[in-house]
There are 2 protein chains.
Amino acid sequence: MSELRLEDIAKRAGVSRSTVSRVVNNQPNVSEKARQRVLDVIKITGFSPNAAARTLVSRRSNTIGLVLPHSVSTFFTDPYYPHLIKGITQACNQYDFTLALFVAGSKEYQEKLLPRLSSKGFLDGVILQSGHQADQSIILELKKTNLPMLVAGRPLYNDEVCFIDIDNIAASEKAVRHLINCGRKKIAIITGPLTSTVGLDRLAGYRNAMDSSSLKYNDNSIIESDFTEQGGYNAMQKLITIKPDAVFAASDMMAIGAIRFIRDAGLDVPKDIAVVGFDDLPIPMVNELQLTTIRQPVVQFGFKAVETLIELIENDLPIIKRVLMDTELIIRKSCGFEPG
Amino acid sequence: MSELRLEDIAKRAGVSRSTVSRVVNNQPNVSEKARQRVLDVIKITGFSPNAAARTLVSRRSNTIGLVLPHSVSTFFTDPYYPHLIKGITQACNQYDFTLALFVAGSKEYQEKLLPRLSSKGFLDGVILQSGHQADQSIILELKKTNLPMLVAGRPLYNDEVCFIDIDNIAASEKAVRHLINCGRKKIAIITGPLTSTVGLDRLAGYRNAMDSSSLKYNDNSIIESDFTEQGGYNAMQKLITIKPDAVFAASDMMAIGAIRFIRDAGLDVPKDIAVVGFDDLPIPMVNELQLTTIRQPVVQFGFKAVETLIELIENDLPIIKRVLMDTELIIRKSCGFEPG
DNA sequence: TAGTTGTCTGAGAGCGCTCCCAGATTTTTC
DNA sequence: GAAAAATCTGGGAGCGCTCTCAGACAACTA
């Protein structure tokens, strides 16, 4: 079918290649008559220009990469990622970009992905899902390619890198303050892995809220876990020994696990122990348990990430951009809050 | 950094552009001395060839597209898709392909995705996730582009199209036969939407198994649902009126919902009603409930899909390929089977 | 020695497009 | 009316690569 070139369309429309190019790219300086004739021929023939040739000369592929390093091992189980991708593809559709997905297995990154990522003329820019210390070297390598890059999630060390993240510290503060306002006195936290900024930042928010109140807490109030349901269950098992009257779990899955343990222990949520989670993804259990939680705008986050990357791409000089997105406290029943 | 061209490497290595090209592409007819010198320069400079220029002349982008039409509305909630993508990206990594992901919103397909899909020189081939009647027109339009295409999931109408699917009919037969072997007499089915081949085929398997036994069933034994947990619950509510002693649910999520209703009704699984599901994705509930189910090899399916598409791409003449993959019956406790 | 093979090398064309520029044509200005 | 400005058009160069082909050279055969 369409082995047609610009030249062929030009011939059929009785104009030159240049004019067809102008029409295809919606440029001015084409007479209405010529434009219409070209448009007609294009419609009849079903012509569409060769992307590779275009990219070669214009230096723009209109393709961005999303890189999920191996540290993102929860990709295949965590509902977070489909929602992230939803936002990203929505933005790609809107801005006429194509998304290339790079998922690294354990050792594939170095040999397989990096060469493809750094090959000139394929990607206009890259979003790297990160925030884990293991990704430090990947960030450095990608920086070397000079490709516009946006890290999704605050990078642990790297300062001279653009990133977008939700405001985890403020969000956690909000969650813990709410527990304080509900009259809870002994508030514990189940954190994510402290090798990642998500884990660290949500703990920092807890500390901030606690420090600015008169409540006491110590290392025993803080249990590090892994964002999974079972992890939350196990963490709660340890936590129960200090008899907290409230727990802030740094993810909904961990909150669900914590609640499971609390109930197994014969206690009541929220009467004995109030629980607040983090994420508010549409997991059926969240609603069923009436979990109070922090809603992070995952879809919008993905969308905004693409918009930010496009800015980076369109800006010639390298700039450092940092974007922090706000979250929302969703009050349900697991924190024992009684409105009014 | 690397605004380097083949020519520049050639100059530095004291050879010609052609020789560098040969080295880069691992071609013969280069002396060991020359090859080594070129390799050294490439290493030092960090050169990597321009993908667009390569694609333009070689007519190969080494990029394939995965298209998820709007009919795949469960993309963002169903754990099936992350696993599918896992298999696809694994294969892409292995065969040195890049994956471009196209997710269509409600009306975006026509205006946004199709032009990008059909633009020559960007994709070598396309995998279309389908099996729903709504995708018929998409299949036809994609066929017109002459792009090698593989449908993942049996297409409803289109015969002259390549596809890969699991053997849903044989799988369902296996599931229902197992219930029969367990001594169940009144076996009902909760199907998926009968607008899709998955729904239809799994029902066909049920009919096959029942027909080849002496057991009776009628339209009341068949409830159409939607693959969701709530849908399974509702379907079981209707089914309970005919008092079945076994239910085959065409997805694990529906099986989970069905079990929830059975228990709400004060009945026992498997004593009163045996339940078999379909999927065996790593949903925590599946294990918790000890659900007997059909395991479909999702990751391998994605992998095989890529391999098949690559065959299609490498074959000049258009061939029709059909691949059916086998499934496995995983016997747990929800069907009341006692081994030995 | 001359002829035949085989290995290695570099020049040249061309993939299909965009963009610059010069020339043709129309429109505006005084 | 001629001159100036604005609009339109097409040819040519060139993006960075691959691939063909002819020539240079080395290594065998007779």
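Proteins get letters first, then strands, A, B, ... in listed order; numbering begins at 1 in each. Please read these numbers as outputs of a predicted model, since none were measured by experiment.
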Quiz item: Hey, mind stepping through Arg54(B) and Asn25(B) against side chain to side chain donor-acceptor pair (under 3.5 Å) and telling me if it holds?
Solution: CA-CA 11 Å; Arg54(B) 262 182 152 172; Asn25(B) 295 294; 2.8 Å; yes
Self-check item: Any residue meeting side chain to side chain contact (heavy atoms under 4.5 Å, CB included) with Arg154(B), in chain and number order, not counting sequence neighbours
Solution: Phe163(B), Asp165(B), Thr197(B), Asp201(B)
Quiz item: Quick one: side chain to side chain contact (heavy atoms under 4.5 Å, CB included) partners of Ser31(B), sequence neighbours excluded?
Solution: Lys33(B), Ala34(B)
Self-check item: Under 3.5 Å: donor-acceptor pair, side chain of Asn62(A), backbone of Asp96(A)
Solution: yes
Quiz item: Short question: side chain of Thr89(B), backbone of Ile85(B) - any donor-acceptor pair under 3.5 Å?
Solution: yes
Exercise. Kindly assign one of parallel, tilted or perpendicular to the pair Phe122(B) and Phe102(B), based on the angle between their ring planes and the thresholds 30° and 60°.
Key: perpendicular
Self-check item: Terminal axes of the helix from dT1(C)-dA30(D) to dC30(C)-dG1(D) (five pairs each): angle between them, nearest 10 degrees
Solution: 40°
Exercise. Evaluate the criterion side-chain contact (heavy atoms from CB on, under 4.5 Å) for residue pair Asn50(A) and Arg5(A); output intermediate values, then yes/no.
Key: CA-CA 8 Å; Asn50(A) 183 297; Arg5(A) 297 154 306 151; over 6 Å; no
Quiz item: Of the residues in residues 17-33 of chain A, which ones touch DNA chain D at a heavy-atom distance under 4.0 Å?
Solution: Arg17(A), Ser18(A), Thr19(A), Arg22(A), Asn29(A), Val30(A), Ser31(A)
Exercise. Tell me which residues in residues 52-64 of chain A put a heavy atom below 4.0 Å from DNA chain D, sorted by number, or none.
Key: Leu56(A), Val57(A), Arg59(A)
How long is the line joining [atom1] of [X] and [atom2] of [N], in whole Å?
| X | N | atom1 | atom2 | value |
| --- | --- | --- | --- | --- |
| Glu3(A) | dC15(C) | CD | P | 12 Å |
| Phe47(A) | dG16(C) | CZ | P | 10 Å |
| Arg35(A) | dC8(D) | CZ | C1' | 11 Å |
| Asn50(A) | dT18(C) | CG | P | 10 Å |
| Leu6(B) | dC15(D) | CG | P | 14 Å |
| Arg5(A) | dT18(C) | CZ | P | 14 Å |

Only distances under 3.5 Å count here; give the side-chain donor-acceptor pairs of residues 300-312 of chain A to other protein atoms, sequence neighbours excluded, each with its distance to 0.1 Å.
unit_1	atom_1	unit_2	atom_2	d
Glu307(A)	OE2	Tyr95(A)	OH	2.4
Thr308(A)	OG1	Lys304(A)	O	2.7
Glu311(A)	OE1	Lys321(A)	NZ	3.0

Practice problem: Select base, sugar-phosphate, or nothing to describe what Ala34(A) touches, counting heavy atoms under 4.0 Å on all strands. | Solution: sugar-phosphate
Quiz prompt | Residues Arg37(B) and Asp40(B) bridged, charged N to O under 4.0 Å | solution = no
Self-check item: Carboxylate-amine/guanidinium proximity below 4.0 Å for Asp8(A) and Lys11(A)
Solution: no
Self-check item: Positive for side chain to side chain contact (heavy atoms under 4.5 Å, CB included) with Leu68(A), one of Leu113(A), Ile127(A), Leu128(A), Leu101(A)
Solution: Leu101(A)
